[in-house]
2 protein chains.
Amino acid sequence: MLAIAYAPERQETPTRHTPHTASDGLVKRPFEGLDGGAVRVVNAKDHVFREGDPASHVYIVEAGHLCIYRVLPDGRRQVMDFAYPGDIVGLGAIEAHGTNAQATERTRVRCFTLGDLREKAHDNGAFCMALYSAMSQELVAARELVVTVGHRTATEKVASFLLALSRRNARRGTSPNELVLPMTRSDIADFLGLTIETVSRTFTKFRHDGVIDLEQCVLVTIRDPRKLADLAGGTASGKWNA
Amino acid sequence: MLAIAYAPERQETPTRHTPHTASDGLVKRPFEGLDGGAVRVVNAKDHVFREGDPASHVYIVEAGHLCIYRVLPDGRRQVMDFAYPGDIVGLGAIEAHGTNAQATERTRVRCFTLGDLREKAHDNGAFCMALYSAMSQELVAARELVVTVGHRTATEKVASFLLALSRRNARRGTSPNELVLPMTRSDIADFLGLTIETVSRTFTKFRHDGVIDLEQCVLVTIRDPRKLADLAGGTASGKWNA
DNA sequence: CGAAGGTTTGACATTAGTCAACTCCGGTGG
DNA sequence: CCACCGGAGTTGACTAATGTCAAACCTTCG
């Protein structure tokens, strides 16, 4: 059965109003409950799957990182997500994949056929729930990304991106203020709906303002998390704030 | 069981590359297989549920339209979707709703508790598949919206919005060239990540260019579908085209 | 050492946002 | 019945943010 149980069932109260506080993109959590499966290693820039490929498997990242993206007919690219170790990718495709999954570096994934999944789901309610939850998280992440690319300034976009990475680190027990960026500026730009120049300039601005340190383009140290949060929040952009 | 079966299971071929052609936003299809449930009528501007409400029900729109949106702490608003009759809303929330669902006009919905859903899913594989498919469509729609707000110009955004409505009409058997907009300019602007002024100007431009007719701000007639598609596609924006 | 790819920086162009005025329409009440 | 009012939409002038183009700079890798 599809595990959508457990939420309390009461009538909606049409009164209260609880706007969400700034949730981060990249909200996904490690996917638990799947083991076995075939290991596959993909080199940097190789694809685990591409748009249009039959959706035969889902994958769990074991080491390395994947860049999940779509390309438009004219070549523009939108990065949808970055998959970290523990993340499950490929869920939600019905017949064919609607995205590409490219390794940003040499990456190891574990592959599970949809048959595996179905079988496991058949006799394991908790696993079902985990699957449902994973899809929900994808949806939440996608919606968060919509908000980011649609309604935030370049400063806010980059700041909230860094904060999201920081929170992900925190959840995984690594230092929240030492970020290693496993993706290129181009990936970041295409994720946030900016150009690489704007991303680069924004990083530089943050560095000059003492918010971050930057080494070798890839190692970010957050010096002033408080200020970074301000920059991400929207009150700091100069427009928008009441 | 969770119905994620039926896709052919073969090894990925890492060679082929099939970029998607312009898929539209608002891809969702009427949800089949649920009947019964309590009827609820909400007046224009009233909410079916709000951010933070416990996720107790899902809803199927029977008449009228809903505007699904999120608000940021500082008041900015991102419209995520417009729900039409036959659409299911509220799926994907785990504990609490992450979005608001507001009626753009007097609207009738049918309410189902998650218990209803679970029960039905328990002994009906096809229904399970429908649920999974509905969530996948939400995800696809959210991703399409990311592409639209992230990488398209104002012209492209409005054009693809109109095209999406047109296709939706076509799928539902109504005229693809006679669109009734059940939402305000403000809703459209917050959907596309634009201001109402820009939306208005773009409509005006389309009208002057003979692409559409516009009556009473609410009735759009597509006069030149071909050109509208061009405008939406990206090749017509003046930048981006190789 | 040289080439290639990624990154940074600068000067400039352009898009879309901002602010403000005006119009249009529907509803309400004298 | 008509005048007024308010909300939504339109239009215009101006501004600011971000994209564009071009060049220089680093690293890495052969």
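The figures here come from the full heavy-atom set of this structure, side chains too, leaving out hydrogens, waters and symmetry mates. Just so it is clear: chains get the letters A, B, ... in the order the sequence lines come, proteins before strands, and each one is counted from 1.
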Practice prompt. Report the distance from atom CG of B:Leu192 to atom P of C:dT15, rounded to the nearest whole Å.
Written response: 18 Å
Worksheet entry | Toward the 5' end of DNA chain D, by each residue's nearest nucleotide, A:Gln216 or A:Thr155 | A:Thr155
Worksheet item: Is there any side-chain hydrogen bond (donor to acceptor under 3.5 Å, both in side chains) pair reaching into residues 204-213 of chain B, and which pairs are they, with sequence neighbours excluded?
Response: B:Thr155-B:Lys205, B:Asp213-B:Arg223
Fill in: Student check: side-chain heavy atoms of B:His65 and B:Met183 closer than 4.5 Å
no
Worksheet entry | For atom NZ of B:Lys205 and atom P of D:dG12, their distance in whole Å | 15 Å
Discussion item. To the nearest 10°, give me the bend of the helix from C:dC1-D:dG30 to C:dG30-D:dC1, comparing the axes of its five terminal pairs at either end.
Written reply: 30°
Discussion item. Checking B:Thr198 now: which residues fulfil side chain to side chain donor-acceptor pair (under 3.5 Å) with it, not counting sequence neighbours?
Written reply: B:Thr195
Practice prompt. Would you kindly give the CG-to-C1' distance between B:Leu219 and C:dC24, to the nearest whole Å?
Written response: 17 Å
Between protein and nucleic acid, restricted to nucleotides 24-26 of chain D and to nitrogen or oxygen atoms under 3.5 Å apart, what atom pairs and distances do you find?
none

Response to the item:
Here the distance between atom P of C:dG5 and atom CG of A:Asp187, to the nearest Å, is 16 Å
Worksheet, complete the sentence: side-chain contact (heavy atoms from CB on, under 4.5 Å) filter on A:Ala159, not counting sequence neighbours, yields A:Phe206, A:Leu228, A:Leu231, A:Ala232
Practice prompt. Please identify each residue that fulfils side-chain contact (heavy atoms from CB on, under 4.5 Å) with A:Ala83, with sequence neighbours left out.
Written response: A:Val61, A:Leu66, A:Asp87, A:Val89
Fill in: Residues in salt bridge (charged side-chain N to carboxylate O under 4.0 Å, His left out) contact with A:Arg108, at least two apart in sequence or another chain
A:Glu62
Item to complete: Return the value, rounded to whole Å, for the distance between atom CD of B:Glu215 and atom P of C:dC25.
Response: 11 Å
Fill in: B:Thr174: side chain to side chain donor-acceptor pair (under 3.5 Å) partners, not counting sequence neighbours
B:Asn169
Practice prompt. Write down the atom of A:Gly98, the atom of A:Glu51, and the distance for their closest heavy-atom approach.
Written response: O-CG, 3.2 Å
Worksheet item: Whole Å only: how far is the CD atom of A:Glu156 from the P atom of D:dA17?
Response: 12 Å
Fill in: A:Pro176: side-chain contact (heavy atoms from CB on, under 4.5 Å) partners, not counting sequence neighbours
A:Ser166, A:Ala170
Worksheet entry | Separation of D:dT20 C1' from A:Leu194 CG (nearest whole Å) | 14 Å
Worksheet item: Can you name the residues that form a salt bridge (charged side-chain N to carboxylate O under 4.0 Å, His left out) with B:Glu178, not counting sequence neighbours?
Response: none
Fill in: For atom CD1 of B:Ile188 and atom P of D:dA8, their distance in whole Å
14 Å
Could I get a table of every N or O pair under 3.5 Å where one atom is in the protein and the other is in nucleotides 6-10 of chain C?
residue : atom : partner  : partner atom : Å
C:dG6   : OP1  : A:Lys45  : NZ           : 3.0
C:dT7   : OP1  : A:Arg185 : N            : 3.4
C:dT7   : OP2  : A:Arg185 : N            : 3.1
C:dT8   : OP1  : A:Arg185 : NH2          : 3.2
C:dT8   : OP2  : A:Arg185 : NE           : 2.8
C:dT8   : OP2  : A:Ser200 : OG           : 2.9
C:dT8   : O5'  : A:Ser200 : OG           : 3.1
C:dT9   : OP2  : A:Thr204 : OG1          : 2.5
C:dG10  : N7   : A:Arg201 : NH1          : 2.9
C:dG10  : O6   : A:Arg201 : NH2          : 3.4

Worksheet, complete the sentence: Residue set satisfying salt bridge (charged side-chain N to carboxylate O under 4.0 Å, His left out) with A:Arg77, at least two apart, ordered chain then number -> A:Asp187, A:Asp190
